[in-house]
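Order of appearance sets the numbers: ligands from 1, and atoms from 1 within every ligand. Keep in mind that the numbers below use all heavy atoms, side chains included, and drop hydrogens, waters and symmetry copies. The structure presented is a predicted model; accordingly, all values stated were derived computationally and were not measured.
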Amino acid sequence: MDVSDLAQGVVVENHGAIFDVEIDGRMVRCFLRGRLKKDKRTKVGLIAAGDRVKVRLLEYGRGVVEEVLPRESDVSRAAAGSIPLEQTLAANVDQAVIVFAAAEPAADLFMLDRFLVMMRAARLNQIICINKCDLADADSLRARLAVYEGIGHRVLFTSAIRGDGLAALRDAMKDRRSVICGPSGVGKSSLLNAIAPGVALRIGEVGAVTHKGRHTTSSVALVPLPFGGWVADTPGLRQAGFWQVSIGHVIEAFTDLHPYLGRCEFSNCTHRRQKGCALEAAARAGRIDPRRLRSFLEMGGR
Ligand code: GDP
Ligand code: ZN
């Protein structure tokens, strides 16, 4: 077979054994070439939504995935089960839009820090979105989030109901491949509905299928945005607590603490009420946010 016979496309949804692949704006239902299946033993969900694949087109809108192209990025978590297998939730994603609410429920900044570590470990650009701004005082909200802007994060303040920040959010997602994540009830679906009517509905349908399915074949769909770009939403992404992060990733993400790391009087300093602790001294002096330091230690940073 000639390689030039293969068409290139993007996997939009993985149904376990079959995949929906978009090829030049057309949806092709694909099966996996036999020899590619062997890799499944080492990596659950060898093919994920977002993967770029080469497909041999068959009749009746069907195809066979012959090759999976190397990934630029990979959002994965440890899959359920006794053997620690890695499960890819979405491939080739550019950025994570991490949504929390100003109130109802109030943003849990410790959880936000966890998301930031995970998404940085996955090499994704991160956008923090604080929704339900209509329920809180703008100035105190900005003050609470200032530490994140201070370390270079983009923070959007939105209200899906009142319309604040929606143009900026649309702009930030345009022509990008985003995953949207954050706890439930913060307004993720409402935001998607506000910037791209109809999109959240499709995501909801996917979620319903996923809950019934087995854990290892969790289905993630990429949904095209009407103004350009894609968004992937997955229940698995919302459970920040279950993700594995290494100490290296924690240290890397806390750039605000970097100037003080390794400067304590004792090299084995626990940074908890210890003599000569550079981190505690910096927190006391207001040079670092004491809550960020606590967050760092809770995630196993040292
Ligand atoms: P999700 O679980 O993150 O997808 O959250 P939903 O989009 O389902 O929203 C949860 C609840 O918050 C719903 O009752 C929404 O109407 C409400 N909600 C969403 N966005 C806003 C907002 O900007 N302001 C206010 N006041 N309520 C909102
Ligand atoms: Zn210390």
Side-chain angles (χ1 to χ4, degrees), residues 96-108 111-112 115 127-138 141 155-170 173 178-208 210-211 220-221 223 231-240 247 250-251 254 256-285 287-288 290 292-302:
V97 178
I98 307 168
V99 185
F100 279 85
E104 298 177 24
D108 175 348
M111 201 195 284
L112 169 59
F115 270 110
I127 293 175
I128 300 171
C129 175
I130 304 297
N131 189 40
K132 305 200 188 185
C133 278
D134 53 293
L135 298 181
D137 169 61
L141 199 55
V155 186
L156 300 178
F157 296 92
T158 63
S159 167
I161 290 196
R162 207 169 57 186
D164 313 32
L166 295 182
L169 179 62
R170 196 182 294 118
M173 294 180 75
S178 311
V179 283
I180 186 152
C181 52
S184 76
V186 297
K188 295 182 296 298
S189 317
S190 307
L191 283 170
L192 285 175
N193 248 326
I195 62 167
V199 164
L201 183 68
R202 286 185 60 186
I203 287 175
E205 286 162 6
V206 170
T210 307
H211 289 307
V220 178
V223 180
V231 64
D233 181 34
T234 154
L237 273 173
R238 295 178 178 180
Q239 302 158 8
I247 289 179
V250 173
I251 292 172
F254 279 78
D256 41 341
L257 309 189
H258 287 184
Y260 309 98
L261 290 176
R263 306 229 156 177
C264 303
E265 193 175 323
F266 302 101
S267 60
N268 62 352
C269 184
T270 60
H271 319 305
R272 286 176 170 95
R273 278 179 292 282
Q274 270 203 276
K275 188 171 157 283
C277 177
L279 286 166
E280 287 196 309
R284 266 198 309 275
R287 281 192 286 272
I288 58 176
R292 285 275 293 171
L293 173 56
R294 229 164 63 230
S295 191
F296 174 77
L297 296 175
E298 277 179 19
M299 269 186 260
R302 52 180 151 78

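With the Zn ion (ligand 2) as the vertex, SG (C269) and ND1 (H271) define an angle of 110°, rounded to 10°.
The distance from ligand 1 to the heavy atoms of S159 drops below 4.0 Å at these ligand atoms: 23 (O). The contact set between ligand 1 and K188, taken as ligand atoms under 4.0 Å from a residue heavy atom, comprises 1 (P), 3 (O), 4 (O), 5 (O), 7 (O). For ligand 1, the atoms sitting less than 4.0 Å from at least one non-hydrogen atom of L135 are 26 (N), numbered in the order shown with element in parentheses. Using a 4.0 Å cut-off to heavy atoms of A160, the atoms of ligand 1 that qualify are 20 (N), 22 (C), 23 (O). Counting the atoms of ligand 1 from 1 in the order shown, those under 4.0 Å from a heavy atom of V186 are 3 (O), 5 (O).
Here the shortest heavy-atom pairing between E280 and Q274 reads OE1-N, 3.1 Å.
Geometrically, ligand 1 and G185 share a nitrogen or oxygen pair separated by less than 3.5 Å. The N/O atoms of K132, backbone and side chain alike, include one that comes under 3.5 Å of an N/O atom in ligand 1.
C129 has its side chain within reach of L191: a pair of non-hydrogen atoms, C-beta onward, lies under 4.5 Å apart. L169 places a side-chain heavy atom less than 4.5 Å from the side chain of V97. With a 4.5 Å cut-off on side-chain heavy atoms, V250 and F296 count as touching.
Counting heavy atoms of neighbouring residues, nucleotides and ligands inside a 6.0 Å radius, atom CD of E104 does not exceed 12 of them. For R263, the CZ atom is loosely surrounded, since the number of other residues' heavy atoms within 6.0 Å does not exceed 12.
The backbone N or O of A160 lies less than 3.5 Å from a partner atom in the side chain of N131, making a donor-acceptor pair.
The proximity of T158 to ligand 1, defined as any non-hydrogen pair under 4.0 Å, does not occur for either the backbone or the side chain. Contact annotation for D134 and ligand 1: only side-chain heavy atoms (C-beta onward) come within less than 4.0 Å of the ligand.
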